[in-house]
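So the structure is just underneath, and the comments pick up after that.
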Amino acid sequence: MSVLNRQLVTVVPYPEKVLQFGTGVLLRGLPDYFIEKANRAGIFGGRILVVKSTDTGGTDKFDRQDNLYTLHIKGVEKGADVQEALLISAISRVVSAAGDWATVLNGAKSPELEIVISNTTEVGIALDEQDDPFASPPASFPGKLTAILYERFRAFSGAEDKGMVILPTELIDKNGEALQRIVIALAERHQMGSDFIGWVRTSNHFCNTLVDRIVPGSLGEAERKQAESRLGYQDELAIMAEPFCLWAIESSHVRVSEALSFARIDKRVVITRDIQTFKELKLRLLNGSHTFACGLAMLAGFGTVREAMVNPVFLTYVKQLMNREIVPTLVAEGISEEAASEFAEHVVDRFSNPYLHHQWLSIGTNYTLKMHVRNMATLKRYARQFDKIPHYMALGFAGYLQFMETAQADQLPTDWAADLQWFAGFLTMVKQYLDQLRTQNALEVIDLLNEKEAV
């Protein structure tokens, strides 16, 4: 069986419009996927020059396969099983920053280049005070980006229309704004000139973004062999992703919309003036429900999220938690009920994915911090809006405390008592559920709640 290569497929030689920092599965499973779809529809007409930023590993696998790979989309969508395979040909070449920095800088001078995408793992979006943009290569991603922008600025004499649309996908708040601040700080520190700094500020668009797709990575051995037998080629770079995906990009500038023409191929690429709505939906419904449910799931003996979701009692708990208690708090914050409910349906599909093996124990890492960050605002909103206790949240909170073994016989931990004293009756209800969880199986307690709330 042949290794995947260009002789097996037809690849349109589009110009390189995108400079991508990172070869990781998130980038290959999300932005590269959207660009591939747009190219196939004749909309974007551009390929990706990928920069391997880390020193570990090489580009051999990409070289052997002519930068081609297969994206296997597997999961649940609207309750139905989904299994698709899409050949991705959007990457034109992969260059090592450490081994061939001159080639990267030369690519920056291409007039067709318009977009920078990143998902870096070496330093990320942080200021390295020892970094030198004139090094070969600079140590950090912001240093590398500063050098590339400077090279482009000089090549085109600071032309306004040769600025870039820059899309960091690193999961930090306001990632685009943070990256721009660091680039400007490096430029100032290394005296790269006021004209260059002004060009960075006004001609380049550093967009805040939010990405959301679970891309576990390589297929298991059995799945890989089955896929290769079905497709007729070997693929060392094949990866799997869930059906759900979202790429929210914050901008209202016409230049951004024009450059990101691939967004027209899929409504799941959203260019909007404010991405806060999408951040809230993800944090409160996806992450928040994970955190409320985690302790109960582990107390009930479930190892993975999928195992819990095939249990009808636990499935009802998760649905009721989101739709009856979390969604109303989002609607009161200005998010439409339709959008919140639709996202909740996606969450149920994602939790139910039989091809993912998401461990509850991993979700429970840094459990107390996650409970604070993901759910405290939801509890405060509920307390402000409704004159009643959210029983599903209270039970989830009790499950967290019981699993963490932080609850004493007759009182809650002092720190949580102080944090939640403003929510009259909530702590009392949590203590009642704690008493039940100490003497009954968690599923029995959940089932009693489901029956009570169904009346």
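We number each residue from 1, following the sequence as shown. Everything numeric in this text was worked out from a predicted model, so none of it was measured.
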If you take all heavy atoms of [X] and [Y], which pair is closest and at what distance?
X	Y	value
Pro142	Gly124	CD-O, 3.4 Å
Val347	Ser289	CG1-OG, 4.1 Å
Gly45	Lys17	O-CE, 3.4 Å
Glu16	Ser110	O-OG, 4.4 Å
Pro216	Leu356	CG-CD2, 3.2 Å
Gly176	Asn208	N-OD1, 3.0 Å

Looking at [X] and [Y], does any basic side-chain N land under 4.0 Å from a carboxylate oxygen?
X	Y	result
Glu242	Lys74	no
Lys78	Asp349	no
Glu221	Arg224	yes
Arg350	Asp212	yes
Arg47	Glu112	no

Quiz prompt | Distance-only donor-acceptor check, side chains Asp235 and Gln65, under 3.5 Å | solution =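 Checked: Asp235/Gln65 side chains pair up, N/O donor to acceptor below 3.5 Å.
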Quiz item: Would you say the side chains of Thr291 and Asn375 form a donor-acceptor pair under 3.5 Å?
Solution: no
Exercise. Please step through side-chain hydrogen bond (donor to acceptor under 3.5 Å, both in side chains) for the pair Gln83 and Asp81, ending with a clear verdict.
Key: CA-CA 7 Å; Gln83 295 192 59; Asp81 184 74; 3.3 Å; yes
Exercise. Given side-chain hydrogen bond (donor to acceptor under 3.5 Å, both in side chains), test Glu170 with Asn119 step by step and report yes or no.
Key: CA-CA 5 Å; Glu170 290 82 353; Asn119 190 272; 5.4 Å; no
Quiz item: Hey, does Ile117 have a side-chain heavy atom less than 4.5 Å from the side chain of Pro168?
Solution: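 SC-SC contact between Pro168 and Ile117 ruled out.
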Quiz item: Tell me the salt bridge (Lys or Arg N to Asp or Glu O under 4.0 Å) pairs involving residues 62-71, sequence neighbours left out?
Solution: Arg64-Glu236
Exercise. Would you sort out whether Tyr400 and Thr368 count as a side-chain hydrogen bond (donor to acceptor under 3.5 Å, both in side chains), showing the intermediate values?
Key: CA-CA 8 Å; Tyr400 146 73; Thr368 296; 2.8 Å; yes
Donor-acceptor pairs are to be reported for all side-chain atoms of residues 296-305 against protein atoms at under 3.5 Å, with residues two or more places apart or in another chain.
| from | atom 1 | to | atom 2 | distance (Å) |
| --- | --- | --- | --- | --- |
| Thr304 | OG1 | Glu307 | N | 3.2 |

Just wondering, are more than 12 heavy atoms of other shown residues or ligands nearer than 6.0 Å to [atom1] in [X]?
X	atom1	result
Leu361	CG	no
Glu337	CD	no
Lys319	NZ	no

Quiz item: Looking at Tyr355 versus His72, is the centre-to-centre ring distance below 6.0 Å?
Solution: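 Centroid distance Tyr355-His72: not below 6.0 Å, so no.
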Exercise. Determine, step by step, whether Ile239 and Val215 satisfy the side-chain contact (heavy atoms from CB on, under 4.5 Å) criterion, reporting the C-alpha distance in whole Å, the side-chain angles of both residues, the deciding distance to 0.1 Å, and the verdict.
Key: CA-CA 8 Å; Ile239 57 173; Val215 188; 4.1 Å; yes
Quiz item: Which residue, Phe292, Tyr317, Phe314, forms the ring pair (Phe, Tyr, Trp, His ring centres under 6.0 Å) with Tyr392?
Solution: Tyr317
Practice problem: Decide ring-ring contact (aromatic ring centres under 6.0 Å, His included) for Phe351 and His290; before the verdict, give the C-alpha distance in whole Å, the side-chain angles of both, and the deciding distance to 0.1 Å. | Solution: CA-CA 9 Å; Phe351 287 2; His290 252 161; 4.3 Å; yes
Self-check item: side-chain hydrogen bond (donor to acceptor under 3.5 Å, both in side chains) assessment of Thr70 paired with Tyr233
Solution: CA-CA 10 Å; Thr70 310; Tyr233 56 76; 2.7 Å; yes
Quiz item: Is Arg213 positioned over the aromatic face of Phe244, cation under 6.0 angstrom from the ring centre and no more than 45 degrees off axis?
Solution: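 Not satisfied by the 6.0 Å and 45° rule.
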Quiz item: So among Arg181, Gln180, Glu250, which one has a side chain to side chain contact (heavy atoms under 4.5 Å, CB included) with Phe206?
Solution: Gln180
Self-check item: Residue pairs, two or more places apart or on separate chains, that pass ring pair (Phe, Tyr, Trp, His ring centres under 6.0 Å) and touch residues 22-52
Solution: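 Listed once each, the pairs are Phe44-Phe262.
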